[in-house]
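A short write-up of the structure that comes next.
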Amino acid sequence: MTVRTGPHERPRRLRTTPALRRLVAQTRLHPAELVLPIFVRDGIAEPQPIGSMPGVVQHTTSSAVRAVRDAVAAGVGGVMVFGVPRAEDKDSSGSVGLRPDGVLNAALRSLRDEVGDQTVLMSDLCLDEFTDHGHCGVLDQAGRVDNDATLEVYAQLAVAQAEAGAHVVGPSGMMDGQVRVVREALDSAGHQDVAVLAYTAKYASGFYGPFREAVASTLVGDRQTYQQDPANRTESLRELRLDLEEGADLVMVKPALPYLDVLSDVAAVADVPVAAYQVSGEYAMIEAAASQGLLDRDRMVMETLTSIRRAGAQVLLTYYATAAARLLGG
Ligand code: PBG
């Protein structure tokens with residue numbers, strides 16, 4: 001057989017018309033794969049804009065219900081809920097996260113009452129929004145994040161969020177063993193059907209900057225003793241192995257765009273659905289460039305989401321979920 005090369009081989013032939021390009025497109029986005037993160041804040045009468053995330057707000061419970069209804073109407077597949085308590089309700093152990101009337105649990109309850117099973121309700125299972133020091137766990141005497149003491153609180157948080165109506169809990173604190181304790185706690189409380197979305201490869205990233213404003217974080221310092229070093233690649237596969245052994249139903253890589261290699265590695269071997277989180281800083285970069293007329297927002301949204309999908313994510317968390325679903329005609 002002669003291999004035909006040179007002038008005979010013309011890849012451009014398949015790019016000639018929109019219909020041809022559509023026919024051979026290898027990656028498609030669908031609104032059902034998109035998940036909208038939302039922030040619900042206690043003690044506010046009106047939604048509050050987040051300066052570093054133009055277009056994203058801290059919701060009241062009722063505006064959150066409206067935002068979720070809009071997302072559902074656009075075809076978005078799920079929502080990830082974060083709670084922002086009043087400053088005076090924060091303490092060293094994040095106890096407001098456990099209270100049934102705490103902002104996150106109350107919001108989950110309202111959302112489940114209002115939208116039921118029409119969407120997938122996910123909850124952030126972490127302590128940084130609830131602690132007065134802003135760390136994702138409780139601290140030991142020396143002020144270090146105490147892994148095993150934190151796991152005990154995560155177990156209780158998981159049950160509180162499941163009772164409040166979460167379909168999926170998302171442990172995001174990067175404590176060793178968190179998936180196992182969350183799974184065991186859910187099972188022993190009769191919540192066998194509540195799934196665990198593990199933040200499997202979560203890097204200590206500058207791209208979370210705007211999120212800190214969104215949740216009114218008090219963190220001083222950083223999370224480098226529990227989140228991964230951006231320089232490392234293979235330890236994500238180790239984290240994946242552990243999360244799967246511990247019972248993760250879905251696994252996630254975060255941030256998304258700067259870690260497409262990691263996403264691709266994880267997607268190549270995971271036998272559960274793989275998610276990726278286009279985080280607050282990724283959103284802020286697109287917004288900043290678009291607002292100055294430097295980039296076309298809609299194209300950047302679609303191109304970044306397509307790239308994340310192409311690298312292997314099956315589920316995409318993005319603050320653009322509703323907007324992107326509308327662009328996709330969902
Ligand atoms: C921890 C958590 C964070 C984000 C999601 N869950 C912050 C952090 O780890 O510092 C960041 C999300 C984003 O930046 O959009 N509860």
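Counting convention: from 1, in listed order, for ligands and their atoms alike.
In this structure, CE on M80 lies 6.0 Å from CE on M122, to the nearest 0.5 angstrom.
In this structure, R212 has a heavy atom closer than 4.0 Å to ligand 1. Using a 4.0 angstrom heavy-atom cutoff, Y277 counts as in contact with ligand 1. Within the structure, ligand 1 lacks E282 among the residues with a heavy atom less than 4.0 angstrom away. Residue contact annotation: Q227 has a non-hydrogen atom under 4.0 Å from ligand 1.
Looking at V215 against ligand 1, nothing comes within 4.0 Å, counting heavy atoms. Contacts with ligand 1 closer than 4.0 Å are made by heavy atoms of both the backbone and the side chain of S280.
Of the N and O atoms on the side chains of E239 and Y199, not one donor lies less than 3.5 Å from an acceptor on the other residue. No hydrogens or angles considered: nothing links the side chains of Q227 and S205 as a donor-acceptor pair under 3.5 Å. Residues D243 and T200 have side chains that bring a donor and an acceptor to within less than 3.5 angstrom of each other.
Against a heavy-atom cut-off of under 4.0 Å, R223 is close to the following atoms of ligand 1: 8 (C), 9 (O), 10 (O). Within ligand 1, counting atoms from 1 as listed, the ones closer than 4.0 Å to a heavy atom of D128 are 1 (C), 16 (N).
Ring-plane geometry between Y277 and Y319 is classed as tilted, the angle between the planes lying from 30 to 60 degrees on a 0 to 90 degree scale.
Between atom 2 (C) of ligand 1 and the options E213, M252, E129, K202, the minimum heavy-atom separation is to K202. In this comparison of F211, F207, Y283, F82, the heavy atom closest to atom 3 (C) of ligand 1 sits on F211.
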Going through the checks in order, is the side-chain hydrogen bond (donor to acceptor under 3.5 Å, both in side chains) test met by E282 and T304?
-> CA-CA 9 Å; E282 297 178 70; T304 53; over 6 Å; no
